[in-house]
Engineer: 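Quick one: structure below, then a few questions.
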Amino acid sequence: MTDDSNGLFATATAQFNRGADLIGLTPSIRSILSQPKNEIIVNFPVRMNSGDYEMFRGYRIQHSNILGPYKGGVRFHPAVNLDEVKALAAWMTWKSALCDIPFGGAKGGISFDPLALEVDELERVVRRFTHALGSNIGPDHDIPAPDLGSNARAMVWMMDTYANSTGATERQNVKRIVTGKTLETGGSPGREKATGQGVVFCLQHWADEVGFDLTGASAIIQGWGNVGSATGRLLQVHGAQIRAVADHRGAIADEDGIDAFDLTDWVAEHGTVTGFPAAGWIEPADFWKVEADLVVPAAIENQITARNAGDIRAKVVVEAANGPTTLEAEAILTERGIEILPDILVNAGGVVVSYFEWLQNRSAQRWTIDEVDHKLREVLWKASDAVCELREELEVSSRRDAAYGVALRRLQTVYQQRGIFP
Ligand code: GLU
C-alpha cells in the first residue's frame, strides 16, 4: 500500500507494530491486538421528510476491552468506512491505556452528511442507529461519545433512546451509556473543550521539557470545529498567536494574528472560516507553508502527506486530529528535525474527560470545572512523563513510538496477569 492511499488501518497497524517492536511485545498479545474484537455493521431504514425511506449504514468497531468497557466516539461523515473506523477504534485503545484510564477502545459512525438533513430527520437517524446497535452498546459495556460531525445533542438522543428501551427500574442508571452529553442531561463541565484543553496541557508539558515558551509562540491550525477552535482559543489565552487557519472550504492568514474568539463567532454564523473579514484569504495549498512554531492539524486523517510535509516550517506538529500524518510524511518531518506530538497522547483529553463524565454519572455527582481541569492536567502530564521516561529508558527519539510503548506495556501486563481464556 502506498502513502496517501487512505489505508488508515494499515497506518494504525504500522504504528502499532513499531511500538510492539520497541517493547518486545509477546507475539500472542501482538496478534490479539492487531485486529478488533468485534466489527458490527448495521443497515437501517429512516423515514425522510419527503415520505420516502432511505437506508443508512452504521458501524461500531470494538477493538479491545481488556482494560475496561469499549469506549470511543461516533463519527457522522459521508466518508465513514470500515477501514477508517477500525483504525480509529484501535487508537482509542492506545489512548486509554496510555492515560491509564479503565477503558478499552471502540469507534463507530454512520456514512452520511449530517448537514444535508433536517433536524428531525437527523434525530430519527441517530435514534434508529442507537436502536439498531441494541445491546451491542451498554453503560458498562460500550460507551459512545461525540466525534467529527456528531455533538452533544446527538448524544442526548442516543441516551434517551437507550433509556427508553431500558426497564423502568434501571432507566435512571443508564445515563452513562454515552458521554459528551449536554450539562443539563448529565454531561460534565469541561467536556466540550476537553480535547483542545488536553492539546494545550500536552503542549505545556512539551514546552517545559524542551525549554520553549508558549507565550508569544505562533501557530497554524487546520480545522475550526470543536477541537481546532478550542485549541485556538486556549492557545491565544496563553499568549500564542494564530497565524493561519484552514477548513474544508478554504484558508485564511494574518501575520499579526487571527482573533480566535472572533473567528469562533464567525464560524458559528457562517459555517466556515472563509470570508472572515479580519484576515486575508490564501490558497489552501499555501496553508502548510505559513511559518509558525506550532502546526496543529485538527481536522481529519491523512492531511500531512508526502506532498506537503516538505513545506512545513515549524518546530512541532501537534496531532490534535486522529491520524493526521501519513507514514511517509512522518519520515520526512523526522528527517527534517520537526517533532511530532502524537495523536494518542495530545488528543486524549476528550476521552479522559469522558471518563470523568462516566464517573460522575455512576455516582450521581457533578464536579466543578476546576476539578475537571485539574484532574485532566494530572492525567495528561502523568502520561507525558511516562512517554519521556520510556524515551530515555529505551533511547528512542520518536514520541509516537514511546507513547505506543507505554500503552502496550500496560496492556501486556494485564494480559499476562489475567491470562488468555480458556
Ligand atoms: N471522539 C473522541 C476521540 O477521538 C472522544 C472519544 C470519547 O470521549 O470516548 O478521542
Side-chain angles (χ1 to χ4, degrees), residues 8 12 59-65 67-77 80 84-99 101-110 137-152 154-156 158-159 175-182 186-199 201-202 223 225-228 230-231 297-301 318-324 341-361 372 375-376 379-380 383 403 407:
L8 204 61
Y59 302 85
R60 188 67 181 170
I61 304 302
Q62 299 172 330
H63 179 263
S64 168
N65 64 350
L67 299 183
Y70 298 112
K71 183 81 190 85
V74 284
R75 177 170 287 203
F76 299 162
H77 191 274
V80 164
E84 176 192 50
V85 187
K86 278 169 67 176
L88 293 163
W91 284 325
M92 291 310 302
T93 300
W94 319 139
K95 273 184 227 186
S96 296
L98 171 58
C99 292
I101 58 173
F103 280 152
K107 201 76 163 208
I110 310 173
I137 56 171
D140 295 306
H141 173 54
D142 182 353
I143 305 136
D147 194 74
L148 190 78
S150 62
N151 55 20
M155 294 308 108
V156 178
M158 287 190 84
M159 187 261 280
K175 274 193 186 149
R176 64 186 188 282
I177 174 64
V178 288
T179 57
K181 301 179 289 291
T182 60
S188 174
R191 177 62 186 84
E192 184 95 16
K193 62 155 186 164
T195 308
Q197 182 68 72
V199 170
F201 284 149
C202 290
N226 171 286
V227 179
T231 305
I300 52 171
E301 54 266 12
V318 187
E319 293 186 334
N322 290 308
L341 299 190
D343 47 7
I344 60 167
L345 174 65
V346 293
N347 75 31
V351 71
V352 172
V353 177
S354 277
Y355 169 52
F356 298 158
E357 179 173 331
W358 185 79
L359 283 178
Q360 290 169 72
N361 291 164
V372 170
K375 286 188 198 320
L376 173 63
V379 168
L380 291 177

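Computed from a prediction, not measured in an experiment: that's the story for all the values here. Just so you know, ligand 1 is whichever comes first in the structure, and atom 1 is the first atom listed for that ligand.
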Engineer: Does Asp147 reach ligand 1 with a nitrogen or oxygen that is under 3.5 Å from one of the ligand's nitrogen or oxygen atoms?
Structural biologist: yes
Engineer: Look at ligand 1 and say whether Met155 reaches it with a heavy atom at a distance under 4.0 Å.
Structural biologist: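 Per 4.0 Å heavy-atom rule, Met155 does not contact ligand 1.
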Engineer: Any side-chain to backbone donor/acceptor pair from Asp140 onto Pro69? Under 3.5 Å, distance only.
Structural biologist: no
Engineer: Count the heavy atoms belonging to other residues, nucleotides or ligands that lie under 6.0 Å from NZ of Lys86, then report whether that count exceeds 12.
Structural biologist: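 Yes, NZ of Lys86 has more than 12 neighbouring heavy atoms, counting only those of other groups under 6.0 Å.
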Engineer: Could you identify the single nearest non-hydrogen protein atom to atom 7 (C) of ligand 1 and state the distance to 0.1 Å?
Structural biologist: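 Answer for atom 7 (C) of ligand 1: Ala145 CB, 3.3 Å.
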Engineer: Identify the heavy atoms of Lys71 and Pro144 that sit nearest to each other, and give their distance.
Structural biologist: NZ-O, 3.5 Å
Engineer: Pairs of nitrogen or oxygen atoms closer than 3.5 Å, one from Ile143 and one from ligand 1: do any exist?
Structural biologist: no
Engineer: Please could you name the atoms of ligand 1 that Gly350 approaches to less than 4.0 Å, counting only its heavy atoms?
Structural biologist: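 Every atom of ligand 1 under 4.0 Å from some heavy atom of Gly350: 8 (O).
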Engineer: Where the side chain of Glu84 meets the backbone of Leu8, is there a donor-acceptor pair that is under 3.5 Å apart?
Structural biologist: no
Engineer: Give, for atom NZ of Lys181 and atom NZ of Lys175, the distance between the pair rounded to the nearest 0.5 Å.
Structural biologist: 8.0 Å
Engineer: Just to confirm my output: which protein heavy-atom neighbour is closest to atom 4 (O) of ligand 1, and how far is it?
Structural biologist: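 For atom 4 (O) of ligand 1, the nearest protein heavy atom is Lys107 NZ, 2.8 Å.
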Engineer: Could you check atom 8 (O) of ligand 1 against the protein and tell me its nearest heavy-atom contact, residue, atom and distance included?
Structural biologist: Ser354 OG, 2.5 Å
Engineer: If you measure from each heavy atom of Met92 to ligand 1, is any distance below 4.0 Å?
Structural biologist: yes
Engineer: Counting distance only, does the side-chain N/O of Ser150 pair as donor-acceptor with the main-chain N or O of Val74 below 3.5 Å?
Structural biologist: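 Yes: the side chain of Ser150 pairs with the backbone of Val74.
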Engineer: Heavy-atom contacts with Gly72 under 4.0 Å: which atoms of ligand 1 show up? List them by number with element.
Structural biologist: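 The list of qualifying atoms is 9 (O).
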Engineer: Classify the contact between Pro146 and ligand 1 as side chain, backbone, both or neither, using a heavy-atom distance cut-off of under 4.0 Å.
Structural biologist: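 Pro146 to ligand 1: backbone contact only, side chain stays beyond 4.0 Å.
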Engineer: What residue and atom, counting heavy atoms only, is the protein's closest point to atom 9 (O) of ligand 1, and at what distance?
Structural biologist: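 Scanning the protein heavy atoms, the shortest distance from atom 9 (O) of ligand 1 goes to Lys71 NZ, 2.8 Å.
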Engineer: Check each heavy atom of Arg191 against ligand 1 and say whether those closer than 4.0 Å belong to the side chain, the backbone, both or neither.
Structural biologist: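 The answer is the side chain of Arg191.
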Engineer: Asp343 side chain to Gly323 main-chain N or O, any donor-acceptor pair under 3.5 Å?
Structural biologist: yes
Engineer: Atom 3 (C) of ligand 1: which protein heavy atom is closest, and how many Å away?
Structural biologist: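 Answer for atom 3 (C) of ligand 1: Lys95 NZ, 3.4 Å.
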Engineer: Any heavy atom of Gly180 sitting closer than 4.0 Å to ligand 1?
Structural biologist: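 No; Gly180 lies far enough from ligand 1 that no heavy-atom distance drops under 4.0 Å.
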Engineer: Between Asn322 and ligand 1, find which residue part has any heavy-atom pair under 4.0 Å and reply side chain, backbone, both or neither.
Structural biologist: side chain
Engineer: Write down the atom of Ala106, the atom of Tyr70, and the distance for their closest heavy-atom approach.
Structural biologist: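 Heavy-atom minimum between the residues: CB-CB, 3.7 Å.
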Engineer: Can a donor-acceptor pair be found, under 3.5 Å and without considering hydrogens, that links the side chain of Asp142 to the backbone of Ile137?
Structural biologist: no
Engineer: Counting only heavy atoms not in Gln360, do more than 12 sit closer than 6.0 Å to its CD atom?
Structural biologist: yes
